Amino acid sequence: MRISINANRGFYFAFIAILMVSILLFPITHSGDGWGYAADTLEFEGDFKSMLSPHHLLYMPWCSLWLPLIKFLHIDPIAGFTVLNLGLCVLTLEVLRTWLLKLNTTQSNAQWLIWLLLGSFGILRFAIDNETYIAPLFLAIFGSYLIENKLQRVASAGWVSLAFAVLFHQSYIFWFIAYALAAMKKGKWVAPILSGGLILFAYMLAAYASNESIFNFILHDVNQGLVETRIGLYNFLFTAVNLFRTIFQIHGFILFLIVAWPLLSIIGLVGLLLLAISSLAFVWRYISNRKKQTTTIRIFSGTLSWVFYLHLGFAFYSVGNAEFMTMLLPVATLLMAKARLFS
């Protein structure tokens, strides 16, 4: 039995609503960083410069903007910040869905892809935590969508959005570089230079407020030894493992969860089986249709492919850090849609 598009969308937003209410009502596990960001936001409330972290410059100031409303509503601050992240995740997926539809993806395929992205471990783990990786993902995808529309005023807003993505998390400089080089290659210098200038100006102000030179401020994590800068066997091992973990979680504690929650585990395993069957069906359908086509299908082409390559390369350099792979699955989905694999 096929599920109608309206019913599918209804289930989707109902699931989101239940998830948001659950976060507000019930205590959930948070990462150490999540607790740390919440504690620092509360401790330094009103002290803007103390919340400026080189790695994610604007995340804690962003949280502090919402703190008066969160306190007024008597919401646990870390729960409030987490709901903000989930809300940004939903907006990200809605922009992605709109983009997929513009790329001639069928409505049914677009909605199922949104379900897949929401349920992927690489996105959901950060969407339901007070982490810094969802806000820049939204800004980067929204900005890229506006730039790809090729309307001057809309594209200008897109470049501002890309700049803010970098200010929310340093790693998105690679996304910005891919689009900046593509624009300059076409002779469009003004927008990327102004956008890059906005990033540099913001970091200069933050460095001045922190009484550091701009170079020391930008490279703070490297100078403090918080970033691994040597390449070895672990880069290959953890990159492969965490690429898989962008979709499915794999960890030793899963065996304990299966034993402790057998009924839920059966539901999960059945869902995994259905996903595997549907994936195989998609591959079979693609191979069948490919035999009828004479044109070459190129998935990894264009600016988004360089976004994918640069971020994957940085994740590899960072010893396969899964946190720097959050954007890979959404970008890969767009690349496949551009190749008309979901039409």
Side-chain angles (χ1 to χ4, degrees), residues 8-9 11-38 41 55-56 58-60 62-63 65-66 70 75-100 110-145 161 164-165 168-169 171-172 175 242-251 268 271 275 311 315 321-334:
N8 197 327
R9 295 281 286 168
F11 289 139
Y12 172 75
F13 285 111
F15 175 76
I16 295 294
I18 292 170
L19 200 54
M20 284 188 170
V21 172
S22 299
I23 291 170
L24 292 173
L25 294 182
F26 305 110
I28 62 173
T29 301
H30 293 280
S31 65
D33 284 343
W35 285 111
Y37 301 145
T41 302
H55 199 46
H56 36 79
L58 295 183
Y59 182 72
M60 285 188 288
W62 156 257
C63 290
L65 288 176
W66 293 91
I70 289 171
I75 296 172
D76 180 9
I78 195 169
F81 301 149
T82 302
V83 166
L84 284 175
N85 261 347
L86 182 56
L88 285 173
C89 179
V90 174
L91 288 176
T92 303
L93 296 178
E94 285 303 295
V95 174
L96 266 171
R97 180 176 178 273
T98 303
W99 198 346
L100 289 170
Q111 188 57 40
W112 287 116
L113 286 168
I114 295 308
W115 273 112
L116 174 64
L117 290 169
L118 177 63
S120 64
F121 183 67
I123 292 178
L124 187 61
R125 65 183 291 203
F126 298 123
I128 56 173
D129 203 346
N130 182 33
E131 282 280 9
T132 62
Y133 304 102
I134 298 299
L137 179 63
F138 165 70
L139 290 165
I141 287 177
F142 182 61
S144 300
Y145 174 72
S161 188
F164 273 90
F168 266 85
H169 202 284
S171 65
Y172 279 79
W175 195 306
N242 285 328
L243 269 175
F244 184 84
R245 290 179 74 229
T246 59
I247 304 177
F248 304 112
Q249 167 65 312
I250 48 174
H251 198 283
L275 177 61
H311 277 283
N321 193 333
E323 296 169 344
F324 299 151
M325 296 183 182
T326 310
M327 71 295 294
L328 294 183
L329 191 57
V331 173
T333 302
L334 286 170

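Everything quoted here is computed from the prediction, not taken from an experiment. Computation of the quantities below employed the complete heavy-atom set of this structure, encompassing side-chain atoms and omitting hydrogens, waters and symmetry-equivalent molecules.
In summary, of the residues considered (F138, Y59, Y133), a side-chain contact (heavy atoms from CB on, under 4.5 Å) with N85 occurs for Y59 alone.
Nearest heavy-atom pair, H311 versus Y172, reported as atom, atom and distance to 0.1 Å: CE1-CA, 3.9 Å. When all heavy atoms of A140 and A165 are compared, the pair lying nearest together is N-CB, 3.8 Å. Taking both residues in full, the closest heavy atoms of H30 and N130 are given as ND1-N, 4.0 Å, listed atom of the first, atom of the second, then distance. The two residues L139 and S161 make their nearest non-hydrogen contact at O-OG, 2.7 Å. For G34 against D129, the heavy-atom pair with the smallest separation is CA-OD1, 4.3 Å.
Between H169 and F324, the ring planes are perpendicular. Angles over 60° get that label, and only those under 30° would be called parallel.
The shortest side-chain heavy-atom distance between W99 and S144 falls under the 4.5 Å cut-off. With a 4.5 Å cut-off on side-chain heavy atoms, P77 and T41 do not count as touching.
Within the 3.5 Å criterion, the main-chain N or O of I128 finds no donor-acceptor partner in the side chain of T82.
Here L328 contributes atom CG and L243 contributes atom CG; the two are 6.5 Å apart, rounded to the nearest 0.5 Å. Rounding to the nearest 0.5 Å places OG1 of T326 at 6.5 Å from CD1 of I134. Rounding to the nearest 0.5 Å places CD1 of I114 at 6.5 Å from CD of Q111. Taking CG of D33 as the reference point, atom CD of E131 lies at 5.0 Å (rounded to 0.5 Å). The OG1 atom of T98 sits 10.0 Å away from the CZ atom of F142 when rounded to the nearest 0.5 Å. The CD atom of E323 lies 9.5 Å from the OG atom of S171; values are rounded to the nearest 0.5 Å.
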Would you be so kind as to tabulate the donor-acceptor pairs closer than 3.5 Å made by side chains of residues 87-94, with sequence neighbours excluded?
{"unit_1": "T92", "atom_1": "OG1", "unit_2": "L88", "atom_2": "O", "d": "2.7"}
{"unit_1": "E94", "atom_1": "OE1", "unit_2": "R9", "atom_2": "NH2", "d": "2.9"}
{"unit_1": "E94", "atom_1": "OE2", "unit_2": "R9", "atom_2": "NH1", "d": "3.1"}

Going by atom type alone, with no hydrogens or angles, which donor-acceptor pairs under 3.5 Å involve a side-chain atom of residues 115-126 and a protein atom two or more places apart or on another chain?
{"unit_1": "W115", "atom_1": "NE1", "unit_2": "N8", "atom_2": "OD1", "d": "2.5"}
{"unit_1": "S120", "atom_1": "OG", "unit_2": "L117", "atom_2": "O", "d": "2.6"}

Output side-chain donor-acceptor pairs under 3.5 Å for residues 11-29, partner residues at least two apart or in another chain, one line each.
{"unit_1": "S22", "atom_1": "OG", "unit_2": "I18", "atom_2": "O", "d": "2.7"}

